[in-house]
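Inspection log for the structure reproduced underneath, given as structure tokens.
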Amino acid sequence: KQPQRLMTAMYTCEILVKAEVLGRLYGVISRRRGQVVKEDMVVGSSTFTVTAHIPVVESFDFSNEIRKQTSGLAMPQLVFTHWETLDIDPYWIPHTEEELTHFGEKADSENPARKYMNMIKKRKGLKIDEKIVEFAEKQRTLTKSK
């Protein structure tokens with residue numbers, strides 16, 4: 001069976017940021033699966049211009065999170081630029097012993113391609129192959145001893 005790939009829309013994000021909150025900005029970008037492409041210092045000030053690529057599906061409420069994390073010292077501007085192929089098969093499941101030891105039994109929980117696909121299916125009202133309850137045990141009520 002041929003492995004399948006998803007295409008995801010990408011924003012190019014230009015961010016003007018003060019030097020003292022640069023680390024927090026990088027934290028927000030990496031949490032949103034973004035990649036920093038370029039970083040330039042504005043001549044004569046402590047301001048940087050950071051250029052990054054961020055998936056559109058990860059960009060919802062991105063501006064508010066950046067402003068909150070940097071105390072208003074960063075101003076992002078998002079522009080759609082291109083499509084990118086995710087290099088992970090959304091239906092991939094670990095089979096070999098090496099894959100099972102490296103990724104564990106629940107490797108699909110961190111698969112970004114499957115996460116994106118399930119978000120779209122949920123938004124469109126389609127069936128999602130996910131377990132709501134896993135490893136459930138019967139709840140017992142202990143009676144008070146009188």
To the nearest 0.5 Å, atom CG of Asp40 lies from atom OG1 of Thr47 at 12.5 Å
Cluster membership besides Leu16, Ile/Leu/Val/Met/Phe/Trp/Tyr side chains within less than 4.5 angstrom, sorted by chain and number, is Met75
- Query: Are Met10 and Val36 in one and the same hydrophobic cluster, where Ile, Leu, Val, Met, Phe, Trp and Tyr link if side-chain heavy atoms are under 4.5 Å apart?
  - Reply: no
Taken in chain and number order and not counting sequence neighbours, the residues that satisfy salt bridge (Lys or Arg N to Asp or Glu O under 4.0 Å) with Arg31 are Glu65
- prompt: Near Lys121 NZ, under 6.0 Å, is it more than 12 heavy atoms from other residues, nucleotides or ligands?
  reply: yes
To the nearest 0.5 Å, atom CD1 of Ile54 lies from atom OG of Ser30 at 10.0 Å
Would a 4.5 Å heavy-atom cut-off, applied to side chains only, mark Phe48 and Lys18 as touching? no
Rounding to 0.5 Å, atoms OG1 (Thr8) and NE2 (His82) come to a distance of 9.0 Å
(message) With heavy-atom distances below 4.5 Å as the criterion, would you say the side chains of Thr49 and Val17 are in contact?
(response) no
dist Leu73:CG -> Ser46:OG (nearest 0.5 Å) comes out at 9.0 Å
Answer yes or no: is there an ion pair linking Lys38 with Glu14, defined by an N-O contact shorter than 4.0 Å? no
With Ile120 as partner, the option from Lys122, Met117, Lys124 fulfilling side-chain contact (heavy atoms from CB on, under 4.5 Å) is Lys124
Nearest heavy-atom approach of Phe62 to Pro76 is CE2-CB, 4.2 Å
Subject >> Close side-chain approach of Leu22 to Val50, heavy-atom, < 4.5 Å >> reply: yes
Sequence neighbours excluded, the answer for side-chain hydrogen bond (donor to acceptor under 3.5 Å, both in side chains) partners of Tyr11 is none
Count the heavy atoms of every other residue, nucleotide or ligand shown that sit under 6.0 Å from CD of Gln77, and state whether that count exceeds 12. no
Notebook entry, point to check: Is it the case that one hydrophobic cluster holds both Ile15 and Met41, taking links as side-chain heavy atoms less than 4.5 Å apart, direct or via other members?
Noted result: yes
Using the rule that Ile, Leu, Val, Met, Phe, Trp and Tyr join whenever any side-chain heavy atoms are under 4.5 Å apart, tell me whether Phe60 and Leu6 fall into a single cluster. no
Rounded to the nearest 0.5 Å, the NZ atom of Lys127 sits from the CG atom of Asn118 at a distance of 11.0 Å
Those residues at least two apart in sequence (or on a different chain) that pass side chain to side chain contact (heavy atoms under 4.5 Å, CB included) with Thr12 are Thr51, His53, Thr81
**Prompt:** Does Ile29 belong to the same Ile/Leu/Val/Met/Phe/Trp/Tyr cluster as Phe80, with side-chain heavy atoms less than 4.5 Å apart forming each link?
**Reply:** yes
Residues passing the salt bridge (Lys or Arg N to Asp or Glu O under 4.0 Å) test with Arg24, sequence neighbours excluded, are none
For Leu126, the hydrophobic cluster (side chain heavy atoms closer than 4.5 Å, chained through members) also holds none
dist Arg114:CZ -> Leu86:CG (nearest 0.5 Å) comes out at 13.5 Å
